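First the structure, in the form of structure tokens, and then the observations on it.
Keep in mind that what you see is a predicted model, and the values were worked out from it rather than measured.
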Amino acid sequence: KISVYRSAAGFGIRLDAGTAYSGAVITPYYDSLLVKVTAWGRSSDEAALRMDRALREFRVRGLATNLQFLENVIAHPLFRSGECTTRFIDETPELFEFVRRRDRATRLMHRLNVECCGHGDDYRTTLGELCPNVRGFIREPFHCDYGYNIHMGEGSFVNFDCVFLDLAPIRIGCGTLIGPKVQLLTAHHPFDAATRGTALEAGKPIVIGDHCWLGGGVIVCPGVTIGDRAVIGAGSVVTRDIPADSVAAGNPARIIRTL
């Protein structure tokens, strides 16, 4: 049974779905295809890079898949050269050497968001495992990349359904209130389309000071610093630094008064 399913997407990627959704029961008595993935590119290298990115975006939990095998095939120099034959799999045993997945955050988020009931000891223990540097409290559902790059001080509170993409550090001070559906996004991609197509990405830290208040639906972009005691209006998109003791709102967020 599939407990978690997330498919890939993006330019140059086509998905032909089989039986792939959370809760689906896959038996061994018929074609167990979950989804067929096709990658297109202006060159074989570009197509291979897109396919590699797409394979790594998949999240399938609850049953065994051939994702790591396919990643090894796509990355192998002989396959990339276009010189492999029908004996390629038989004669390349390293294709079956798999590195253990670093999926701790995925497993802990599933436990936090699905398995834990209420905010008792089990929930707080799981939250501490996912985000060991958080001293405040985060309500479920909550989504992040790693968890250990999130730093939050005493008395801070994160409401329902927030997304913290902590590719780079996210630092939140003490006593800060973060409304529902807030997104803190540290991931940054190249502006050049050709470079971006290689799946290259970087992270720029986000810093939010002490005793701030971010209203519901606020989006904070990579590299932004929000000063102490600042207030950000609901639905704002923060693209530049906001100084301390300021009220900012809008898209992009602009300072409308000082406190």
Is the backbone of C144 close enough, under 3.5 Å, to the side chain of D166 for a donor and an acceptor to pair up by distance?
no
List the steps and the verdict of side-chain contact (heavy atoms from CB on, under 4.5 Å) for L34 and I2.
CA-CA 10 Å; L34 299 183; I2 300 177; 4.0 Å; yes
Please check if the side chain of N72 supplies one atom and the backbone of L95 the other of a donor-acceptor pair under 3.5 Å.
yes
Co-membership, hydrophobic cluster, residues L165 and V158, 4.5 Å side-chain:
no
Whether S156 side chain and G175 backbone form a donor-acceptor pair below 3.5 Å:
yes
To the nearest 0.5 Å, what is the distance between CH2 (W213) and CD1 (I178)?
13.0 Å
Same cluster or not: are F137 and L184 linked, directly or through other Ile, Leu, Val, Met, Phe, Trp or Tyr residues, by side-chain heavy atoms under 4.5 angstrom apart?
yes
Pairwise side-chain contact, F142 with I150, heavy-atom cut-off 4.5 Å (strictly under)
yes
Rounded distance [0.5 Å steps], CD in E94 versus NE2 in H76
4.0 Å
Among the clusters formed by ILVMFWY side chains lying less than 4.5 Å apart, do I255 and I219 turn up in the same one?
no
Flag side-chain contact, heavy atom, 4.5 Å: D245 against T258:
no
Looking at L112 and C116, what are the two nearest heavy atoms and their distance?
O-CB, 4.0 Å
If you count every heavy atom of other residues, nucleotides or ligands that lies below 6.0 Å from D16 atom CG, does the total exceed 12?
yes
Count the heavy atoms of every other residue, nucleotide or ligand shown that sit under 6.0 Å from CZ of F191, and state whether that count exceeds 12.
no
H143 and D161, any side-chain heavy atoms less than 4.5 Å apart:
yes
Closest heavy-atom pair and its distance - E140, F160:
O-CD2, 2.8 Å
Is there a path of hydrophobic side-chain contacts, each under 4.5 Å between heavy atoms of I, L, V, M, F, W or Y residues, that connects M109 with M152?
yes
Sub-4.5 Å side-chain heavy-atom contact between V35 and F58:
yes
Any non-hydrogen side-chain atom of S44 less than 4.5 Å from a side-chain atom of R80?
no
Is there side-chain contact between T126 and E115, with at least one heavy-atom pair below 4.5 Å?
no
Indicate the atoms forming the closest heavy-atom contact of I208 with L214, along with that distance.
CD1-CD2, 4.0 Å
If two hydrophobic side chains count as joined below 4.5 Å and joins carry through other members, does L185 share a cluster with Y146?
no
Quick one: does any side-chain atom of S246 pair with a main-chain N or O of A244 as donor and acceptor, under 3.5 Å?
yes
Just verifying a value: how many Å separate I226 CD1 and I242 CD1, rounded to the nearest 0.5 Å?
6.5 Å
Side-chain touch R139/F157, heavy atoms, less than 4.5 angstrom
yes
Evaluate the criterion side-chain contact (heavy atoms from CB on, under 4.5 Å) for residue pair F11 and R50; output intermediate values, then yes/no.
CA-CA 9 Å; F11 182 75; R50 287 178 176 169; 3.4 Å; yes
Using 0.5 Å steps for rounding, measure from the CZ atom of R111 to the CG atom of N113.
12.0 Å
To the closest 0.5 Å, what do you measure between CD (Q68) and CD (E97)?
12.0 Å
Heavy atoms only: give me the nearest C174-G153 pair and the separation to one decimal.
SG-CA, 3.9 Å
Flag, side chain of T176 to backbone of G209, donor-acceptor distance under 3.5 Å:
yes
Separation of T65 OG1 from I26 CD1 (nearest 0.5 Å):
12.0 Å
Please confirm whether the backbone N or O of G250 pairs with a side-chain atom of S236, one donor and one acceptor, at under 3.5 Å?
yes
Minimum heavy-atom separation for A47 and G41, please, with both atom names.
CB-N, 3.8 Å
Ring geometry between H119 and Y123 (parallel below 30°, tilted from 30 to 60°, perpendicular above 60°):
tilted
Work out which heavy atom in I138 is nearest to a heavy atom in C131; give both atom names and the distance.
CD1-SG, 4.5 Å
Just wondering, do D228 and H211 contact through their side chains at under 4.5 Å, heavy atoms?
no
Between F164 and the options I172, V220, N149, the side-chain contact (heavy atoms from CB on, under 4.5 Å) test singles out I172
Checking the side chain of R14 only, and the main-chain atoms of W40 only, is there a donor and an acceptor separated by less than 3.5 Å?
no
